[in-house]
Protein chains: 2
Amino acid sequence: MNAVQKNTLRGEALRQKVLDTALQLFSERGFFNTSIHDIRKVAGVSTGAIYHHFKNKEALAQSLYETILGQMDDAIAQACSGKSGCLEKSRAIIEKLFLMTEQYPQQMQFVLLAQHREYLPDEAPICSSSPFRMMKQVIIGGIEKGEVRHLEPWVAATAMFGGALRMMNLQLDGVLDQPLSVYQDAVVECAWLGIRKEQA
Amino acid sequence: MNAVQKNTLRGEALRQKVLDTALQLFSERGFFNTSIHDIRKVAGVSTGAIYHHFKNKEALAQSLYETILGQMDDAIAQACSGKSGCLEKSRAIIEKLFLMTEQYPQQMQFVLLAQHREYLPDEAPICSSSPFRMMKQVIIGGIEKGEVRHLEPWVAATAMFGGALRMMNLQLDGVLDQPLSVYQDAVVECAWLGIRKEQA
DNA sequence: GTCTATAAATGGATAGAC
DNA sequence: GTCTATCCATTTATAGAC
């Protein structure tokens, strides 16, 4: 009765089912602990169908990776739009990241915690990806406008977002007993006090 | 001429050679991209010798993991000893971690960036390990002594050390063009300004 | 486009000689 | 304690029917 139905999914719907299942298993067990056979079984599709839609296992992971990074990118861009101050933008980014961590833990686990270079050797390190570059740019903008102290950009960016990213790690590891939203204001305040230009 | 000599290593020296080689390959390619055969070839020993010293591949990784965490533990304990203030302790910890990242990048890569739960399923998340618990304790001590604002402990701990840990990530990813020591004072200052109790 | 069956290779682990 | 040779399970990927 709980057996997965076969033959019901075709085309794009099947492709999506494979992606969903792969994300679930990759985030739970890791890329290397998930075989094509596992995905086949859980998704209730055939090996041939998987290989019809994806060149190989790496291409499957690549597709997931790009999609999720794109979603983070959109979310961050949207969070920043309409805001002008560095603090407002940074707060909005952290709010969005915390929200995504709560709402889509599998996606964030896969993108933030996996070591993609081990199976996507041509991929740049995640700190060079678009969402992370945007975060750094927000801080550089804050330095140029005199809202943020004149710090080395990497130092300022990691000071602003490093604590938040670690809190996301802790949440994904199941260490925190409250949702991230509870800690959000304090996290933003600590980071901002560290880099803001004193209004003496 | 460059061929690895065989039969030269025995006993403890061979065991250590296997550990060194495994650490090198695990940190370069990852655990799952490193086969026993790879270790055998690079170390110049036999399969049988490896399995004489280690029950299996996981046990090899476990041994590395425990040794390196122990070294971090000792380094952090030593850094804190003789210091009483939260800022002094935190600065000493970050200094030591930065130094270890520069001096032993393979070890830090293996301990900080690998997803150990994928192959050491019984291992606690690294944030629960002794070195990380000590860092949190330093901050809790600072809160109790009134040096640090009354923040949720996880928030205060990630605010103090989150930026530094991300800088270590960046250095291990080859993104920074200066050694970590160059950024150290600024990293510590940013973090401390965020959590210190104002001396108004 | 999806299926089953299977090829081909890899890799963890063991056996038994030395 | 170390070696070589090999077993066996797993897994990626393909072939060919439907």
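A note on names: the letters A, B, ... follow the listed sequences, proteins ahead of strands, and every chain is numbered from 1.
Between A:D20 and A:Q16, the side chains place a donor N or O and an acceptor N or O closer than 3.5 Å (distance only, hydrogens not considered). No side-chain donor from either of B:Q62 and B:E58 sits under 3.5 Å from a side-chain acceptor of the other. Residues B:E102 and B:Q171 have side chains that bring a donor and an acceptor to within less than 3.5 angstrom of each other.
Atom CG in B:D38 sits about 12 Å away from atom C1' in C:dG12, given to the nearest Å. Put simply, CG on B:N33 is 15 Å from P on D:dT11, counting in whole angstrom units. To the nearest angstrom, P of D:dT4 lies 12 Å from CD1 of B:I50. With rounding to whole Å, A:I36 atom CD1 is found 19 Å from C:dA5 atom P.
Ring geometry for B:Y65 versus B:F110: interplanar angle over 60°, hence perpendicular rather than tilted (30 to 60°).
For A:R10, the side-chain atoms get nearest to C:dT2 when compared with the rest of C:dT2, D:dA13, D:dT11. Distance from the side chain of A:N56 is smallest to D:dA13 among D:dT11, D:dA13, C:dT2. Listed nucleotides: D:dA5, D:dA13, C:dC3. Nearest to the side chain of A:A49: C:dC3.
Each of A:G48 and A:F31 was matched to the nucleotide of DNA chain D holding its nearest heavy atom; the match closer to the 5' end belongs to A:F31.
Under the 6.0 Å distance and 45° angle rule, A:K57 counts as a cation-pi partner of A:F31.
Checking the phosphate oxygens (OP1, OP2) of D:dT2, no side-chain nitrogen or oxygen of B:S46 falls inside 4.0 Å. Contact annotation: B:H37 does not reach the phosphate of C:dA13 (side-chain N/O to OP1 or OP2, under 4.0 Å).
Of the residues in residues 57-65 of chain A, those placing a heavy atom less than 4.0 Å from an atom of DNA chain D are A:K57, in numerical order.
Look at A:K89 and A:E147 and you find no salt bridge, because none of the NZ, NE, NH1 or NH2 atoms lies under 4.0 Å from a carboxylate O.
Using a 4.0 Å heavy-atom distance criterion, A:G11 is classed as a sugar-phosphate-only contact.
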